[in-house]
Amino acid sequence: MPKDKHKTENLLIKAKNTVSNAVNNFCIEDIVQQAIKLPVAQINREKFLHKELIRYYPEDVVDLAIKKNPAYAGIEKERISEISKQVINYETNKVSAISFVAGIPGGFAMVATVPADVAQYFAYMIRVMQKLAYLYGFEDFELNEDTINDDTMNQIMIFLGVMFGVQGANAGVKKIADAAAKKVAKSLAQKTLTKGTVYPIIKKIAQAVGIKMTKQIFAESVSKVVPVIGGAVTGGLSYITFKPCAKKLKNSFKDLYLCDPLYFKELRNQSIIDIGTGIFDEAENK
């Protein structure tokens, strides 16, 4: 075996072990906490929906989509699917510019840099997650740089579970969506998801995402990408992992009542919702 090839293989093995050990020292909740502190993770729901929808719909429809959700405003599933594809492509191209190890002295001398790079990657995960969630009718995540409430953390964890293909995560999405749809329909306070409802799912997801993250992103992908691009893991690493994850989340949303304009139209026809009367808004203020 040529000396250079042997050296490269040893470098790859060292890289995979180094990254795996570093990632295993962090729980996924800690990574999420670090990720939301990055400015890139912050998406303003109102500004985002306005920017994406105003190109196709009049101001009053966009305003209603922001106040309630796009499906409530009558925005077609096909349009939401079209916009979501654009969002996924845009965010994939952005995250592909991230380099986890390129430019670092020694190529794989990255022990001290892995936590920051992992947080950055997950910041982009949370970024595309929010955009898709807002298009498909979910509420504002209300992220800030200092803290994250339990409900939002649970929701992020469940969505991450879907993105990483964790069994049972889709059931968690449906629970959240059903609660959100009732709130949109009736303008009543959403019941907090109790730990008893989602904790078993969250616990399973946290463990599975940690394992899948290590194996999928920082082991298998490194061994595939590095030989092709000569030892620098650049955008290819992000691209081959990020886009499939985002598409899984999109697919989990597309059949929910929360994003179905016919669902809300039927409710209005049954006089469950009375647009324009303001009776439910008044109830909220009491």
Side-chain angles (χ1 to χ4, degrees), residues 43-96 124-141 155-156 158-165 169-187 190 239-276:
I43 298 295
N44 183 294
R45 178 181 176 274
E46 181 176 345
K47 289 181 179 178
F48 167 70
L49 287 178
H50 189 276
K51 175 177 177 291
E52 295 297 332
L53 299 178
I54 199 63
R55 295 178 289 172
Y56 308 104
Y57 301 96
E59 195 75 43
D60 60 328
V61 173
V62 175
D63 288 344
L64 186 58
I66 292 170
K67 181 180 179 181
K68 296 291 189 177
N69 78 5
Y72 186 99
I75 295 175
E76 307 87 351
K77 279 187 173 185
E78 294 77 12
R79 180 67 70 188
I80 295 301
S81 179
E82 177 188 344
I83 298 173
S84 68
K85 288 178 183 177
Q86 295 171 2
V87 164
I88 290 173
N89 288 335
Y90 175 79
E91 293 300 330
T92 299
N93 289 335
K94 289 195 69 172
V95 78
S96 294
Y124 277 91
M125 281 280 193
I126 294 169
R127 178 183 172 87
V128 75
M129 176 193 298
Q130 288 173 85
K131 288 186 173 184
L132 293 175
Y134 298 155
L135 286 170
Y136 282 94
F138 290 89
E139 291 185 294
D140 199 324
F141 281 43
Q155 182 167 314
I156 289 174
I158 288 172
F159 289 174
L160 282 175
V162 172
M163 296 172 89
F164 282 91
N170 281 303
V173 169
K174 190 176 186 305
K175 288 179 182 293
I176 296 172
D178 286 347
K182 290 176 183 177
K183 179 177 180 181
V184 171
K186 300 180 181 179
S187 295
Q190 182 178 344
Y239 190 89
I240 63 177
T241 60
F242 185 89
K243 191 169 187 176
C245 287
K247 289 175 71 174
K248 285 177 185 176
L249 189 64
K250 173 185 178 294
N251 289 336
S252 77
F253 289 163
K254 66 181 183 180
D255 294 323
L256 298 171
Y257 288 134
L258 188 61
C259 67
D260 187 356
L262 293 178
Y263 168 77
F264 293 107
K265 182 178 181 180
E266 289 175 3
L267 289 180
R268 288 195 294 271
N269 291 340
Q270 296 169 17
S271 299
I272 295 177
I273 302 175
D274 187 4
I275 295 177

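All of these numbers come straight from a predicted model, not from anything done at the bench.
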Quiz item: How many angstroms lie between atom NZ of Lys94 and atom CZ of Arg127, to the nearest 0.5 angstrom?
Solution: 4.0 Å
Self-check item: Euclidean distance, Met163 CE relative to Leu249 CG, rounded to 0.5 Å
Solution: 5.5 Å
Please name the pair of heavy atoms, one in [X] and one in [Y], separated by the smallest distance, quoted to 0.1 Å.
| X | Y | value |
| --- | --- | --- |
| Lys248 | Phe164 | NZ-C, 4.4 Å |
| Leu53 | Ile83 | CD2-CD1, 3.8 Å |
| Lys254 | Tyr136 | CA-CE2, 3.8 Å |
| Pro261 | Glu76 | CG-CA, 4.3 Å |
| Pro70 | Gly137 | CD-CA, 4.2 Å |

Do side-chain atoms of [X] reach the backbone of [Y] as a donor and acceptor pair under 3.5 angstrom?
| X | Y | result |
| --- | --- | --- |
| Arg45 | Glu139 | no |
| Lys250 | Ser81 | no |
| Asn170 | Ser252 | no |

Quiz item: Do other residues, nucleotides or ligands put more than 12 heavy atoms under 6.0 Å from Tyr56 OH?
Solution: yes
Quiz item: Side chains of Ile54 and Leu49: closer than 4.5 Å at any heavy-atom pair?
Solution: no
Quiz item: Between Lys265 and Asp260, is a side chain to side chain contact (heavy atoms under 4.5 Å, CB included) present by the stated rule, with each step listed?
Solution: CA-CA 9 Å; Lys265 182 178 181 180; Asp260 187 356; over 6 Å; no
Quiz prompt | Salt-bridge criterion met for Glu82 and Lys85 (N-O under 4.0 Å) | solution = no
Quiz item: For Asp178, which residues count as a side-chain hydrogen bond (donor to acceptor under 3.5 Å, both in side chains) partner, sequence neighbours excluded?
Solution: Lys174
Exercise. For Lys51, check side chain to side chain contact (heavy atoms under 4.5 Å, CB included) against everything at least two apart and list the hits.
Key: none
Quiz item: When the ring planes of Tyr263 and Tyr257 are compared, do they come out parallel, tilted or perpendicular, using 30° and 60° as the limits?
Solution: parallel
Quiz item: Taking only residues two or more places apart in sequence or in another chain, which ones pass ring-ring contact (aromatic ring centres under 6.0 Å, His included) with Phe141?
Solution: Tyr134
